[in-house]
2 protein chains.
Amino acid sequence: MNYSRQREQIYEALANNVVHPSAEYIYDILKQANSNISLATVYRNLNKMALNGRIKKIRGLEDRAHFDHNTFEHYHFICRKCGRIYDIPCEIAPEIISKTEKSTGFKIESHDIVFSGICRECSENER
Amino acid sequence: MNYSRQREQIYEALANNVVHPSAEYIYDILKQANSNISLATVYRNLNKMALNGRIKKIRGLEDRAHFDHNTFEHYHFICRKCGRIYDIPCEIAPEIISKTEKSTGFKIESHDIVFSGICRECSENER
DNA sequence: TATAAACTGATAATTGTTATCATATTTTAT
DNA sequence: ATAAAATATGATAACAATTATCAGTTTATA
């Protein structure tokens, strides 16, 4: 894989965003910021980096994929009202993985826990 | 919500399938079986039932959604080779939920654990 | 039964994503 | 440094999954 300025811009935009943006969101940010980057380039590089393990691809409740620069073990909460994705820092016991591998014969390479419900902001706005 | 013959057919097709089928898969089954059901009807009813809680919508690694008639607590394993989705009957400690709710202020309504890796069949075929 | 509400099949439209391709940038070997 | 090969880009067409539309049908209600 060669160096590319666009790829680094995309990574920066991803890393400097609190949210877990979609490809289109990153595209909009970079577009505003200056460049005449192409949406295809954004998709291409996000997928490439996700394949590398440099970033993570998250699938929520919506149709579009979201991306996360944080590759350390952590989980996600998806608000069914606003669609935002939050990090959840809790942990599950590692023996669950090995126990499950043993009972199923599957090779578990990764896992994600996805909680869903209503986020604080949305439940405050509800009233 | 009114009764509809098509909806029950769709539910039956879903319940009698070991796999976690996609909308298109169910459409094909019903199409073969007899009826001139419409793909739109399949989508409409799967979504409606998922909203109700009668069935569950699962998002895997692929673009298309899959559906599960089993609404009891259980988790999923997605094979990154064949894309199949398997049930995983393990459990996580319920206090993780309440602890997470407390620390975040979120209302957690549901959660799913998605393991991914290589299923047994695929790792056997690899050799 | 008549009326309203919900549902259907067929298909057009929409949306998120990927493929294509001519051009540009980056790496490599000279 | 410079030419050749490899990789990446922007623009946009193509694609696949899903949703919207709408005239006609079925189901529930009065």
Side-chain angles (χ1 to χ4, degrees), chain A residues 1-14 17 19-52 54-68 78 80 82-85, chain B residues 1-14 17 19-52 54-68 78 80 82-85:
Chain A
M1 181 149 69
N2 281 355
Y3 167 85
S4 109
R5 189 170 54 83
Q6 286 86 338
R7 179 152 51 241
E8 294 313 310
Q9 289 179 339
I10 290 164
Y11 183 81
E12 283 309 304
L14 179 59
N17 254 276
V19 300
H20 298 74
S22 64
E24 192 120 31
Y25 187 89
I26 288 184
Y27 172 70
D28 289 342
I29 288 179
L30 293 178
K31 204 71 186 174
Q32 276 187 357
N34 53 39
S35 68
N36 68 332
I37 197 168
S38 163
L39 181 57
T41 301
V42 174
Y43 273 104
R44 259 190 307 247
N45 282 298
L46 287 172
N47 283 332
K48 202 167 280 190
M49 289 190 282
L51 220 60
N52 275 349
R54 189 179 178 191
I55 65 172
K56 267 189 165 180
K57 194 175 196 171
I58 313 167
R59 284 195 180 273
L61 305 172
E62 310 162 32
D63 292 334
R64 57 174 151 279
H66 292 251
F67 296 87
D68 193 345
I78 300 174
R80 72 162 159 81
C82 65
R84 259 175 297 194
I85 301 176
Chain B
M1 179 149 68
N2 281 354
Y3 166 86
S4 110
R5 188 170 54 84
Q6 287 86 337
R7 180 152 51 238
E8 295 312 309
Q9 288 179 339
I10 290 164
Y11 183 82
E12 284 307 305
L14 179 59
N17 255 275
V19 298
H20 298 75
S22 64
E24 192 120 32
Y25 187 90
I26 289 185
Y27 172 70
D28 289 342
I29 287 179
L30 293 178
K31 205 72 184 172
Q32 276 188 358
N34 53 37
S35 68
N36 68 331
I37 198 168
S38 162
L39 181 57
T41 301
V42 174
Y43 273 105
R44 258 190 308 246
N45 282 298
L46 287 171
N47 283 332
K48 201 166 281 190
M49 288 190 283
L51 219 60
N52 275 347
R54 189 179 178 191
I55 66 173
K56 268 189 164 181
K57 195 175 195 169
I58 313 166
R59 286 200 178 269
L61 305 172
E62 311 161 33
D63 292 334
R64 59 174 149 280
H66 291 251
F67 296 86
D68 192 346
I78 300 175
R80 72 161 158 80
C82 64
R84 261 176 294 195
I85 300 175

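Naming convention: chains lettered A, B, ... in sequence-line order (proteins, then strands); numbering from 1 in each chain.
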K.L.:
Go through D:dT21, C:dC7, D:dA11 for me and flag the one nearest to the B:Ser4 side chain.
P.N.:
C:dC7
K.L.:
Remember a base hit wins even if backbone is also touched, and classify A:Arg7 as base, sugar-phosphate or nothing at under 4.0 Å, heavy atoms.
P.N.:
sugar-phosphate
K.L.:
In whole Å, I'd like the distance from the CG atom of B:Asn36 to the P atom of C:dT11.
P.N.:
12 Å
K.L.:
If you assign each of A:Arg44 and B:Ile10 to its closest nucleotide in DNA chain C, which residue comes earlier from the 5' end?
P.N.:
B:Ile10
K.L.:
Tell me the interatomic distance from B:Asp63, atom CG, to C:dA19, atom P, rounded to whole angstroms.
P.N.:
11 Å
K.L.:
Are any of the side-chain heavy atoms of A:Arg54 and A:Leu46 separated by less than 4.5 Å?
P.N.:
no
K.L.:
Could you tell me how far apart A:Asn2 (CG) and D:dT9 (P) are, to the nearest whole angstrom?
P.N.:
10 Å
K.L.:
Can you tell me the distance, in whole Å, between the CG atom of B:Leu39 and the P atom of C:dT11?
P.N.:
13 Å
K.L.:
Report yes if some heavy atom in the side chain of B:Ile85 is under 4.5 Å from a heavy atom in the side chain of B:Asp68; otherwise report no.
P.N.:
no
K.L.:
Do the side-chain N or O atoms of B:Gln6 get closer than 4.0 angstrom to the phosphate oxygens (OP1, OP2) of D:dT26?
P.N.:
no
K.L.:
Looking at B:Arg59 and A:Glu62, would you say the former's side chain and the latter's main chain have a donor-acceptor pair under 3.5 Å?
P.N.:
yes
K.L.:
Checking contacts here: which listed nucleotide (C:dT11, C:dG16, D:dT12) is nearest the side-chain heavy atoms of B:Ala40?
P.N.:
C:dT11
K.L.:
What nucleotide among C:dG9, D:dG10, C:dT17 has an atom nearest to a side-chain atom of B:Thr41?
P.N.:
C:dG9
K.L.:
Rounded to the nearest Å, what distance is computed from the OH atom of residue B:Tyr25 to the P atom of nucleotide D:dT18?
P.N.:
16 Å
K.L.:
Between B:Tyr27 (OH) and C:dT8 (P), how many Å, whole number?
P.N.:
14 Å
K.L.:
Would you mind checking if A:Arg5 and A:Glu12 are paired as a salt bridge, meaning a charged N to carboxylate O distance below 4.0 Å?
P.N.:
no
K.L.:
Please tell me which of the listed nucleotides, C:dT8, C:dT17, D:dA17, lies nearest to the side chain of B:Arg64?
P.N.:
D:dA17
K.L.:
Nearest-nucleotide wise, let me know which of B:Met1 and B:Asn47 is further upstream toward the 5' end of DNA chain D.
P.N.:
B:Asn47
K.L.:
Heavy atoms from C-beta onward define the side chain here; which of C:dG16, C:dG9, C:dT8 lies closest to that of B:Asn45?
P.N.:
C:dT8
K.L.:
How close or far is atom C1' of D:dT12 from atom CD1 of A:Ile37, stated in whole angstroms?
P.N.:
16 Å
K.L.:
Below 4.5 Å, heavy atoms only, C-beta onward: do A:Asn47 and A:Phe67 meet side chain to side chain?
P.N.:
yes
K.L.:
Nearest to the side chain of B:Tyr3, which nucleotide is it out of D:dA11, D:dA28, C:dG16?
P.N.:
D:dA28
K.L.:
Base, sugar-phosphate, or nothing for B:Tyr43, non-hydrogen atoms under 4.0 angstrom?
P.N.:
base
K.L.:
Rounding to an integer number of Å, can you tell me how far B:Arg5 CZ sits from D:dT27 C1'?
P.N.:
13 Å
K.L.:
Starting at the 5' end of DNA chain D, which residue's closest nucleotide do you reach first, A:Lys48 or A:Lys31?
P.N.:
A:Lys48
